[in-house]
Visitor: 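Got a structure for you, written out below as structure tokens; questions coming shortly.
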Amino acid sequence: MEFLRLDLQLFAGEKTEKATPKKRQDARKKGQVAKSQDVNTAIVLLAVFLFLMFFGSVMMERLIGILRHSLQNYMLMDLTANNIESIVFEILGELVVFLGPVMIVALIAGVAANYIQVGYMFSTEAIQMKLEKINPISGFKRIFSMRAIVELLKSILKITFVGVIAFSVLWLRLDEVLLLANKSVGAALATIAGLTLQMGLFASGALLFLSLLDYLYQKYDYEKSIRMSKQDLKDEYKNIEGDPLIKSKIKQKQREMAMRRMMQEVPKADVVITNPTHFAIALKYDEQKSDAPIVVAKGVDFVAQKIKLIAKENDIISVENRPLARALYSQAEIGDAIPEEFFKAVAEILAYVYQTKNKVL
């Protein structure tokens, strides 16, 4: 029996259940999401090389213009302490204009890659200082963990893919590479730029393919890391819904308070209609507030006996009418006016009560 109890406890502690929406939300607040950094890298590289493919010639002309301007204006100029600062700032300004579009494309691609994977998310949890991050024992465990081995295999695979693609492009265009020495500087630069662009595009496409596989793995690993045990589910339910024992006590207190409020209204009633032993309905009629009598209290068995006792203590007349009492109990709620089909029967009872109390209906 002891072994069976121990097995059940171990089973309850196993992370076998899918994460609940609350668990996912809490993990997201901590910055824990399914995300592959390789997706960001691949999309940024692909976007940059696509931009260069369409606008590379314009940028090359711009670069040549910067070099020509620099050679024509600065090479023959005497460099002094007074003019060197202005020359540096001018060149830097031209380089910013030259490289700015590439940087903007890379920035937009990086933001888009993050948004595609995780949507909008802001969390400072990941950058908070934690002592376990600098713990050498924890770091040693991370180095030789399964995740570290997977990352190593991913790196080897990426290097292999990029190397094979670069070699294939160079091999297919080997004739052009061998003729570079016979070309002019401009033509050689154009050939090298074409080779670089072609290798970059193919390598980016291959990295994007690998990054999609990595994203699937990261999603699997994330789902595995946020799994919950059966005990975790129970604890979360208790935190959200509250402890069942506490909830039952709260409901009991609410019922007791409602009962006290109801009993406080009985002395204000005009009449109590009884079964006589099982049902009791206390009615009050105020023609200035309502067109029909209002149910101020009702009860069955013990509660009915208590209503009749309070009515008797406060000189409230009780009238026995078994079918009417049963019907009012089932069809009228406390605080509601009685249904229209009972107007005549209740009016006759109230007339009798008012006559008994020497009141004018």
Visitor: Going by heavy atoms in the side chains, are Lys23 and Thr20 under 4.5 Å from each other?
Guide: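 Counting from C-beta outward, Lys23 and Thr20 do come under 4.5 Å.
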Visitor: Kindly work out whether a path of hydrophobic side-chain contacts (I/L/V/M/F/W/Y, heavy atoms less than 4.5 Å apart) joins Leu46 to Phe54.
Guide: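 Yes, because Leu46 and Phe54 connect within a single hydrophobic cluster, where side-chain heavy atoms sit under 4.5 Å apart.
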Visitor: Tell me, do Val296 and Val266 make a side-chain contact under 4.5 Å, heavy atoms counted?
Guide: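 They are not in contact (no side-chain heavy atoms under 4.5 Å apart), so the answer is no.
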Visitor: Is there side-chain contact between Lys18 and Met228, with at least one heavy-atom pair below 4.5 Å?
Guide: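 No, side chains not in contact.
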Visitor: Any chain of hydrophobic side-chain contacts (each under 4.5 Å) joining Phe161 to Val164?
Guide: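 Different clusters: Phe161 never reaches Val164 through Ile, Leu, Val, Met, Phe, Trp or Tyr contacts under 4.5 Å.
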Visitor: Are the side chains of Val295 and Asp336 in contact, using a 4.5 Å heavy-atom criterion?
Guide: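 They are not in side-chain contact.
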Visitor: Looking at side-chain heavy atoms only, is the closest gap between Thr274 and Phe279 below 4.5 Å?
Guide: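 Thr274 vs Phe279: side chains apart.
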Visitor: Could you pull out the closest heavy-atom pair between Phe49 and Thr196, with the gap in Å?
Guide: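 Result for this residue pair: CE2-O, 4.0 Å.
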Visitor: Look at the side chain of Asp214 and the backbone N and O of Leu210, then say whether any donor-acceptor pair between them is shorter than 3.5 Å.
Guide: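 Judged by distance alone, no pair lies under 3.5 Å.
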Visitor: Say whether, by atom type as modelled, one donor and one acceptor occur between the side chain of Arg28 and the main chain of Val118 under 3.5 angstrom.
Guide: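 Here the side-chain-to-backbone pair exists.
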Visitor: Check the pair Arg326 / His278 against side-chain contact (heavy atoms from CB on, under 4.5 Å), numbers first and verdict last.
Guide: CA-CA 9 Å; Arg326 186 182 295 271; His278 295 295; 5.5 Å; no
Visitor: Atom CD1 in Ile226, atom CG in Asp221: separation rounded to 0.5 Å?
Guide: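 The CD1 atom of Ile226 sits 10.5 Å away from the CG atom of Asp221.
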Visitor: What I'd like to find out is whether the side chain of Phe51 reaches to under 4.5 Å of the side chain of Val48, using heavy atoms alone.
Guide: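 With C-beta onward as the side chain, the pair stays apart.
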Visitor: How far apart are the C-alpha atoms of Ile316 and Ile310, what are their side-chain angles, what is the distance that settles it, and do they pass the side-chain contact (heavy atoms from CB on, under 4.5 Å) test?
Guide: CA-CA 8 Å; Ile316 306 298; Ile310 295 175; over 6 Å; no
Visitor: So do Met103 and Val96 actually touch side chain to side chain, heavy atoms under 4.5 Å?
Guide: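 When only atoms from C-beta onward are counted, Met103 and Val96 do not touch, as no gap falls below 4.5 Å.
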Visitor: Evaluate whether atom CE of Met53 has more than 12 neighbouring non-hydrogen atoms of other residues, nucleotides or ligands under 6.0 angstrom away.
Guide: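 Yes, because the 6.0 Å sphere around CE of Met53 holds more than 12 heavy atoms from other groups.
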Visitor: Hydrogens and angles aside, do Lys312 and Ser318 bring a side-chain donor and acceptor to less than 3.5 Å of each other?
Guide: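 Checked: Lys312/Ser318 side chains show no N/O donor-acceptor pair below 3.5 Å.
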Visitor: What is the minimum heavy-atom distance between Arg62 and Phe98, and which atoms define it?
Guide: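 Result for this residue pair: CG-CD1, 3.9 Å.
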Visitor: Between Lys308 (side chain only) and Ala280 (backbone N and O only), is there a donor and an acceptor less than 3.5 Å apart?
Guide: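 Not a single qualifying donor-acceptor pair exists.
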Visitor: In terms of side-chain geometry, is the basic nitrogen of Lys230 or Glu17 positioned less than 4.0 Å from the acidic oxygen of its partner?
Guide: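 Glu17 and Lys230: salt-bridged.
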Visitor: Does Lys284 have more than 12 heavy atoms from other residues, nucleotides or ligands lying within 6.0 Å of its NZ?
Guide: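 Atom NZ in Lys284 is crowded, with more than 12 foreign heavy atoms closer than 6.0 Å.
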Visitor: Distance from Ile192 atom CD1 to Lys183 atom NZ, nearest 0.5 Å?
Guide: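 The distance works out to 9.5 Å.
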Visitor: Walk me through whether Arg322 and Glu320 qualify under side-chain contact (heavy atoms from CB on, under 4.5 Å).
Guide: CA-CA 6 Å; Arg322 296 188 180 190; Glu320 181 181 339; 3.5 Å; yes
Visitor: Would you indicate whether Phe202, at its atom CZ, is surrounded by more than 12 heavy atoms from other residues, nucleotides or ligands within a distance under 6.0 Å?
Guide: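 Open: at most 12 neighbouring heavy atoms sit under 6.0 Å from CZ of Phe202.
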Visitor: With a 3.5 Å cut-off and no angle check, do the side chains of Asn114 and Lys35 form a donor-acceptor pair?
Guide: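 Lys35 and Asn114 do have a side-chain donor-acceptor pair below 3.5 Å.
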Visitor: Considering all heavy atoms of both residues, which atom of Arg24 and which atom of Tyr222 are nearest to each other, and what is their separation?
Guide: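 Looking at all heavy atoms of both residues, the shortest contact is O-OH, 4.2 Å.
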Visitor: Nearest heavy-atom pair of Ala42 and Ser211: which atoms, and what distance?
Guide: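 Minimum heavy-atom contact is CB-OG, 4.0 Å.
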Visitor: State, to 0.1 Å, how close Leu283 and Ile338 come at their nearest heavy-atom pair, and which atoms those are.
Guide: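 So the minimum-distance heavy-atom pair works out to CD2-CG2, 3.9 Å.
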Visitor: Between Leu52 and Leu195, is there shared hydrophobic-cluster membership here, with clusters defined by ILVMFWY side-chain heavy atoms closer than 4.5 Å?
Guide: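 No, no single cluster joins them.
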Visitor: Would you say Glu340 has more than 12 foreign heavy atoms packed within less than 6.0 Å of its CD?
Guide: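 Result for CD/Glu340: open.
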Visitor: Taking atom CD of Gln198 and atom CG of Leu172, what is their separation to the nearest 0.5 Å?
Guide: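 Taking CD in Gln198 and CG in Leu172, the distance rounds to 7.5 Å.
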Visitor: Mind checking whether Val319 and Leu328 sit in one hydrophobic cluster, side chains of I, L, V, M, F, W, Y counted as touching below 4.5 Å?
Guide: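 Linked, Val319 and Leu328 end up in one cluster.
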Visitor: For Phe343, look at atom CZ and say whether over 12 heavy atoms of other residues, nucleotides or ligands are found less than 6.0 Å away.
Guide: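 Above 12, so yes.
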Visitor: I'd like to know if the side chain of Gln117 reaches the main chain of Ser36, judged simply by a donor and an acceptor atom lying under 3.5 Å from each other, with no hydrogens or angles considered.
Guide: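 Checking the backbone N and O of Ser36 against the side chain of Gln117, a donor-acceptor pair under 3.5 Å is found.
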Visitor: Can you see which heavy atom on Tyr329 is nearest to which on Lys298, and at what distance?
Guide: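 Taking Tyr329 first and Lys298 second, the nearest heavy atoms are O-NZ, 2.9 Å.
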Visitor: Just verifying a value: how many Å separate Ile156 CD1 and Lys154 NZ, rounded to the nearest 0.5 Å?
Guide: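 The NZ atom of Lys154 is 12.5 Å from CD1 of Ile156, to the nearest 0.5 Å.
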Visitor: Find the distance between OG (Ser225) and CD (Gln218) and round it off to the nearest 0.5 Å.
Guide: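 Answer for the OG-CD pair, Ser225 versus Gln218, is 10.0 Å.
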Visitor: Rounded to the nearest 0.5 Å, how far does CD1 of Ile307 lie from CE of Met262?
Guide: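 Nearest 0.5 Å value for the CE-CD1 distance: 4.5 Å.
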Visitor: List the steps and the verdict of side-chain contact (heavy atoms from CB on, under 4.5 Å) for Ile317 and Val272.
Guide: CA-CA 6 Å; Ile317 296 176; Val272 174; over 6 Å; no
Visitor: If two hydrophobic side chains count as joined below 4.5 Å and joins carry through other members, does Leu208 share a cluster with Leu201?
Guide: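 The answer is yes; both residues are in one hydrophobic cluster.
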Visitor: Between Leu170 and Phe167, is any pair of side-chain heavy atoms under 4.5 Å apart?
Guide: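 Heavy-atom side-chain distance check fails, nothing below 4.5 Å.
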